[in-house]
Amino acid sequence: MAVEQGLADDYTQDGTVDLKGNPVRRSQRGGWRACSFVVVYEVFERMAFYGISSNLLIYLTTRLGQGTVTASNNVTNWVGAVWMTPILGAYVADAYLGRFWTFIIASIIYLSGMSLLTMAVSLPTLRPPSCDQPNSGHCQKASTLQLAVYFGALYILAVGTGGTKPNISTIGADQFDDFHPKEKKQKLSFFNWWMFSIFFGTLFANIILVYIQDNIGWTLGYGLPTIGLAVSIGIFVVGIPFYRHKVPAGSPFTRMAKVIVAAMNNRKLPLPRDAKELYEWNFEEYTKKKKFRMEATPTLSSLNKASIQTGSTDPWRLCTVTEVEETKQMIRMIPILFATFVPSIMLAQVNTLFIKQGTTLDRKVGNFKIPPASLSAFVTATLLVSVVIYDRFFVKIMRKFTKNPRGITLLQRMGTGIVLHTLIMVVSCLVERRRLAAAREHGVVESGREVPLSIFILLPQFILMGVADAFMEVSKIEFFYDQAPESMKSLGTSYSTTAIGTGNFLSSFLLATVSDITSRNGRKGWILNNLNASHLDYYYAFFAILNCLNFIFFLFVSRYYVYKAEVSDSIKLLSEELKEKAPSKESNNPY
């Protein structure tokens, strides 16, 4: 009996299966062993992605001959598409193919886009001739065909990442069973180390690949990321025998639509006083279907009318309480999603205006000339250090005071990130004022020549961005995954990518709008191709004010946010364990 009980306990309780649909044992699949393949994949994949995106502005301005505003908007529009397409990828994964097969197919598309992009910068017929003075205005611009091939490859790549981004992190998180206290605790650290792997790959891209592109050639600079992506896919495939998989639960959009329609159909009916009178399956049915049951909550009570039993069995007129609660949970997260748009706008400045500033400054260190895009490495390095300090020290210290397994709540971590983004824009404004003053002092305003200031004066804004990411970006991914219903995890994860995508589109909109409005009536405008004659300091001050307003909005929506109830007792057990470890007030033990 003990052996049989031990064998039963070894099977996962969260409904995960192998690729053939068989229940899996935790001793054979999942856990950190399976996650190691996923994490290593992410290192190489991020190296490939940021090998393209980090220096994209420089390629568009120096090789394709585009202006500051046009190139910046092309970068943010493409990055926006990269981060918005995961909604489609999440839909396909949750509704039809599952996370694994969606990821595999999308990886093939991704690799195809990268290969075509490498060809576009390598073949003479697909790229304009090189120019020694790209800022002179006398260089040959790219033809329509060359632009079509280059941007076509970029957007094929964007479609591919739409299937990989929302599913790879979810596949990693799926390797931990929420019903097992030890694995639940491991999952709490997973997203910190997940971000660590992302930025480790990014660091390599920002230092090595950017240098190769600027000093050796774009063919090698794009070829290496393409090879890196192929290697990353191979690493993921090697780990197939160790992965746990979640079965697709059907279209989340259809289920949510059914709830809304059913609630509207029953809107005139009174809600029963006892929530138990609402329509719901029994626990045995959920166990049989390997699904999670959720209890009725009083918030957004109008949606509860979708579960009023009227004698109809039409799914568009009658939904289970769990379906209603899943819909509520996705709706509850929307205000928090809106609050993450502004920080994503700030993030978009790193690979656009921040780098463009770097091109105007003295980049020499001895005989070595620093590529402007390499400054992004300081964001990455700072984030790597910050994540380690946060996970190993900050969380442990805060647990003693809050008794929260995460140290502080996810929303508190987000709020800290928003405050840091405000500080970043204030610092960026002050640094830009110093750069403009030096440009006037040395008479290089109209000529647009190099300002005799070290590029390292930009370091504070890059370093602070890394610290802000450790709070905002990590907590954002974990929050939307953790708070999404169990059957909508991929869609929940796509909320975090949607925030970044929307932020990039808003960045394009704001840059174009501000540039247009400030240049009317014969004025020069705030953002010109010649940054020495521009007023980026005003633009950054505007961003600082926008962050302050967003923080007020965040405080309001987070105050009324109701966290999702845990589907298991793992978090409760961890919290009780922390309380038991805490020294009693009556104890004389100083330790």
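- Atom CZ of F509 has 12 or fewer neighbouring heavy atoms from other residues, nucleotides or ligands inside a 6.0 Å radius.
- K246 places a side-chain heavy atom less than 4.5 Å from the side chain of T16.
- S112 contributes a side-chain N or O that, together with a main-chain N or O of I108, makes up a donor-acceptor pair within less than 3.5 Å.
- With contacts defined as side-chain heavy-atom distances shorter than 4.5 Å, the pair L383/E473 does not qualify.
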Could you give me the CA-CA distance, side-chain angles and deciding distance for F378 and F354, then say whether ring pair (Phe, Tyr, Trp, His ring centres under 6.0 Å) is met?
CA-CA 12 Å; F378 287 97; F354 282 12; over 10 Å; no
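- Taking 4.5 Å as the limit, every side-chain heavy atom of F200 sits out of range of all side-chain heavy atoms of S197.
- Atom CZ of F553 is surrounded by more than 12 heavy atoms from other residues, nucleotides or ligands within 6.0 Å.
- Taken to the nearest 0.5 Å, the CD1 atom of I207 stands 11.0 Å off from the CG atom of L375.
- Side-chain atoms of I336 and M414, non-hydrogen and from C-beta on, do get closer than 4.5 Å to each other.
- Between the side chain of S475 and the backbone N or O of M472, at least one donor-acceptor pair lies under 3.5 Å.
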Using side-chain contact (heavy atoms from CB on, under 4.5 Å), reason through V324 and L278 one step at a time and then give a plain yes or no.
CA-CA 11 Å; V324 171; L278 297 172; over 6 Å; no
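- Listed here is the closest heavy atom pair of F471 and R413: O-CG, 3.4 Å.
- With rounding to the nearest 0.5 angstrom, the NZ atom of K258 is 9.0 Å from the CZ atom of R255.
- Aromatic ring centroids of Y243 and F103 lie 6.0 Å or more apart.
- With Y110 as reference, L229 is the one residue of I105, L229, I156, V159 to meet the side-chain contact (heavy atoms from CB on, under 4.5 Å) rule.
- The backbone N or O of I500 lies less than 3.5 Å from a partner atom in the side chain of N504, making a donor-acceptor pair.
- In this pair, F49 and W78 present their aromatic rings parallel. The plane angle is below 30°, not in the 30 to 60° band.
- Residues F394 and M398 are in side-chain contact: their nearest non-hydrogen atoms beyond the backbone lie under 4.5 Å apart.
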With ring pair (Phe, Tyr, Trp, His ring centres under 6.0 Å) as the criterion, how do F341 and F338 come out once you've worked through the C-alpha distance, each side chain's angles and the decisive distance to 0.1 Å?
CA-CA 6 Å; F341 289 166; F338 287 163; 5.5 Å; yes
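- Two residues are said to be in side-chain contact when any heavy atoms from C-beta on lie closer than 4.5 Å; L157 and T161 meet this criterion.
- Annotation: salt bridge (Lys or Arg N to Asp or Glu O under 4.0 Å) contacts involving residues 294-304, sequence neighbours excluded, comprise R293-E295.
- Side-chain atoms of T297 and E325 form a donor-acceptor pair, as typed in the model, at a separation below 3.5 Å.
- Put simply, OG1 on T102 and CG on N167 are 5.5 Å apart, with the number rounded to the nearest 0.5 Å.
- Taking 4.5 Å as the limit, some side-chain heavy atom of W101 sits within range of a side-chain heavy atom of L19.
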side-chain contact (heavy atoms from CB on, under 4.5 Å) assessment of R332 paired with Q483
CA-CA 9 Å; R332 286 190 195 106; Q483 292 298 294; over 6 Å; no
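- The shortest heavy-atom contact between F554 and A339 is CD1-CB, 3.8 Å.
- With a 4.5 Å cut-off on side-chain heavy atoms, F551 and H421 do not count as touching.
- For K476 against S344, the heavy-atom pair with the smallest separation is NZ-OG, 3.5 Å.
- Side-chain N or O atoms of T85 include one that pairs as donor or acceptor with a backbone N or O of A158 at under 3.5 Å.
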Go through the steps to decide whether T382 and F462 satisfy the test side-chain contact (heavy atoms from CB on, under 4.5 Å), and finish with yes or no.
CA-CA 9 Å; T382 305; F462 281 92; over 6 Å; no
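- When every heavy atom of N77 is checked against every heavy atom of S508, the shortest pair comes out as OD1-OG, 3.0 Å.
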Ring pair (Phe, Tyr, Trp, His ring centres under 6.0 Å), that's the test. Do F236 and F44 meet it? Break it down for me.
CA-CA 11 Å; F236 178 83; F44 281 90; over 10 Å; no
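- Legend: salt bridge (Lys or Arg N to Asp or Glu O under 4.0 Å) pairs involving residues 45-54, not counting sequence neighbours, sorted by first then second residue: E42-R46.
- Nearest heavy atoms, A499 versus L337: CB-CD1, 3.9 Å.
- The minimum heavy-atom distance between L510 and F543, with the atom names listed, is CD1-CE2, 3.9 Å.
- Going from atom CE of M294 over to atom CD of E323 covers 11.5 Å, rounded to the nearest 0.5 Å.
- Checking side-chain atoms of E280 against main-chain N and O of T322 turns up a donor-acceptor pair under 3.5 Å.
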Candidate pair R29 and D18, rule side-chain contact (heavy atoms from CB on, under 4.5 Å), full reasoning:
CA-CA 9 Å; R29 288 175 177 264; D18 61 19; 3.7 Å; yes
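- No donor-acceptor contact under 3.5 angstrom links the side chains of Y481 and Y495, judged on distance only.
- Rounded to the nearest 0.5 angstrom, L56 CG and L154 CG are separated by 6.0 Å.
- With rounding to the nearest 0.5 angstrom, the CD1 atom of I418 is 11.0 Å from the SG atom of C548.
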Ring pair (Phe, Tyr, Trp, His ring centres under 6.0 Å), that's the test. Do F556 and Y560 meet it? Break it down for me.
CA-CA 7 Å; F556 177 78; Y560 294 100; 5.3 Å; yes
